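Letters A, B, ... are given to chains in the order of the sequence lines, protein chains preceding strands, and every chain is numbered from 1. Everything quoted here is computed from the prediction, not taken from an experiment.
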Protein chains: 2
Amino acid sequence: MMNDLHDLGRRTAALDKVIELSVLLNDDMDRDLARRNLTRSRVHVVWLISQHGPMTQRDLAAVIGVSARNVTGLVDGLERTGFVRREPHPSDRRALLVTLTPHGEETAADLQRGYVELAGQLFGSLPPRRLDELTKGLDHVLAELRRAIAEAESG
Amino acid sequence: MMNDLHDLGRRTAALDKVIELSVLLNDDMDRDLARRNLTRSRVHVVWLISQHGPMTQRDLAAVIGVSARNVTGLVDGLERTGFVRREPHPSDRRALLVTLTPHGEETAADLQRGYVELAGQLFGSLPPRRLDELTKGLDHVLAELRRAIAEAESG
DNA sequence: GTTCACGATGAAGCTACCACATGATGAATG
DNA sequence: CATTCATCATGTGGTAGCTTCATCGTGAAC
């Protein structure tokens, strides 16, 4: 497998870079969100509703992958700060539909614009060929990671 | 600037991949840490001590970038679960030196091995040339991100 | 029409963070 | 050497995100 020290060093250096990128990106996003009175967990809810339309809290919980109880809390916060409203479900009186307020809609559109802008800042100065190489490399790593995770989960 | 729709799509797709990688990596790490009765915040402390040797809580707070009060809590947790000990500082009776227990040392070594192993899984099957391209791409993106952050902070 | 499933929420508890106040010690100053 | 000011850790109290378990109302199926 040619796992000499040089290879190991190059691989861990690459992983270092991925992780550093992840940390910086998260910090940057958190700063941006804090300015808007949002958190990552809450903006996830706003984002999903802006993409899929009004959703029940149960559905939100399933998509986000957290407990329904937790979604109650997230929606509480978003309602307090004016991003969403709880509306009765038209056909199921147990359920509530979480919908975006106008402010919530504007925020989602803003975030979308910011996302595209960030992508431009990060990748805009990369020649198409190099962007392509980078994308292929990321695809490769993503595939390997998914494989490793699936393997760890099964066996 | 040639910001046509195609370019925008390729750039946001690349950002999507970086973010997905970040999410998967974080989840994977959290699962691994949970098995060891650790959290990301706590393991950060363990990691720093394993690299720098025993440190005061004040120093830990400065390096991690959180309040000293918070480090007290992290060390409380690590002490309860047997990863670290608080020892008197040899020359400053106000301060405590946080040191690793044998279990903490073993854990740090384990984590180190796991990290190298993960790097191997993710990058091992990438031909050297492609790993090199990927690394250069990541360097480019990291530099752009740091630039963007610095710019946002100053102006 | 009763039984069982399901949606949302109250209660209680954990971790990670914060700011502010306090008590003890260190260090510097007159 | 005594006072003063800075520094280390921690108590207190607060926010946010997450959990499980219990409850209450409603849906749905037998």
Side-chain angles (χ1 to χ4, degrees), chain A residues 23 26-27 29-49 54-99, chain B residues 23 26-27 29-49 54-99:
Chain A
V23 169
N26 276 333
D27 289 355
M29 286 176 171
D30 285 346
R31 270 193 298 273
D32 193 68
L33 293 176
R35 260 179 259 128
R36 297 184 145 91
N37 273 303
L38 277 171
T39 64
R40 245 181 298 169
S41 296
R42 290 183 188 174
V43 87
H44 200 350
V45 171
V46 171
W47 183 247
L48 286 175
I49 300 175
M55 298 172 74
T56 65
Q57 298 188 178
R58 206 80 203 183
D59 287 347
L60 285 167
V63 175
I64 298 176
V66 297
S67 67
R69 185 59 185 85
N70 189 33
V71 172
T72 298
L74 295 177
V75 172
D76 283 349
L78 287 167
E79 206 169 33
R80 249 190 299 115
T81 47
F83 291 89
V84 307
R85 258 194 315 266
R86 276 186 247 241
E87 298 191 349
H89 191 288
S91 63
D92 186 343
R93 276 183 297 173
R94 293 170 305 177
L96 299 173
L97 278 182
V98 184
T99 67
Chain B
V23 169
N26 276 333
D27 289 355
M29 285 177 172
D30 285 346
R31 269 193 299 273
D32 194 68
L33 293 177
R35 258 179 261 131
R36 298 182 144 90
N37 273 303
L38 277 172
T39 63
R40 245 181 297 171
S41 296
R42 289 182 189 175
V43 87
H44 200 348
V45 171
V46 171
W47 183 247
L48 287 175
I49 299 175
M55 299 172 73
T56 66
Q57 299 187 178
R58 207 81 202 182
D59 287 346
L60 285 167
V63 175
I64 299 176
V66 299
S67 67
R69 186 58 185 88
N70 190 32
V71 172
T72 298
L74 295 177
V75 172
D76 283 348
L78 286 168
E79 205 169 33
R80 248 189 301 116
T81 47
F83 291 89
V84 306
R85 257 193 317 265
R86 276 185 246 241
E87 298 192 347
H89 191 288
S91 63
D92 186 343
R93 276 182 299 172
R94 294 169 306 176
L96 299 172
L97 277 182
V98 184
T99 67

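Of the residues in residues 34-41 of chain B, those placing a heavy atom less than 4.0 Å from an atom of DNA chain C are B:Thr39, B:Ser41, in numerical order.
Partners of B:Val46 under the side chain to side chain contact (heavy atoms under 4.5 Å, CB included) rule, at least two apart in sequence or in another chain, are B:Leu78, B:Phe83, B:Leu100, B:Ala108. Under the side chain to side chain contact (heavy atoms under 4.5 Å, CB included) criterion, B:Arg93 pairs with no residue at all, not counting sequence neighbours.
Ionic pairing of B:Asp32 and B:Arg36 is present here: one or more N-O contacts between side-chain nitrogen and carboxylate oxygen are shorter than 4.0 angstrom.
With a 4.5 Å cut-off on side-chain heavy atoms, A:Val84 and A:Thr99 do not count as touching. With contacts defined as side-chain heavy-atom distances shorter than 4.5 Å, the pair B:Ile64/B:Ser41 does not qualify. Residues B:His44 and B:Leu60 have side chains not in contact (no heavy-atom distance under 4.5 Å, counting atoms from C-beta outward).
Rounded to whole angstrom, the span from the CZ atom of A:Arg93 across to the P atom of D:dC24 amounts to 19 Å. Here D:dA16 presents its P atom at 14 Å from CG of A:Asp30, a figure rounded to the nearest Å.
Legend: side-chain hydrogen bond (donor to acceptor under 3.5 Å, both in side chains) pairs involving residues 58-69 of chain A, not counting sequence neighbours, sorted by first then second residue: A:Thr56-A:Asp59. The salt bridge (Lys or Arg N to Asp or Glu O under 4.0 Å) contacts involving residues 80-89 of chain A comprise A:Asp76-A:Arg86, A:Glu79-A:Arg86, A:Arg85-A:Glu87, where partners must be two or more places apart or lie in separate chains.
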Practice item. Produce a footprint string for nucleotides 2-14 of chain C: one letter per nucleotide, 5' end first; B if the base is under 4.0 Å from any protein heavy atom, S if only the sugar-phosphate is, - if neither. Key: ----BBBBBB---
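The side chain of A:Ser67 contributes an N or O atom lying less than 4.0 Å from OP1 or OP2 of D:dT19.
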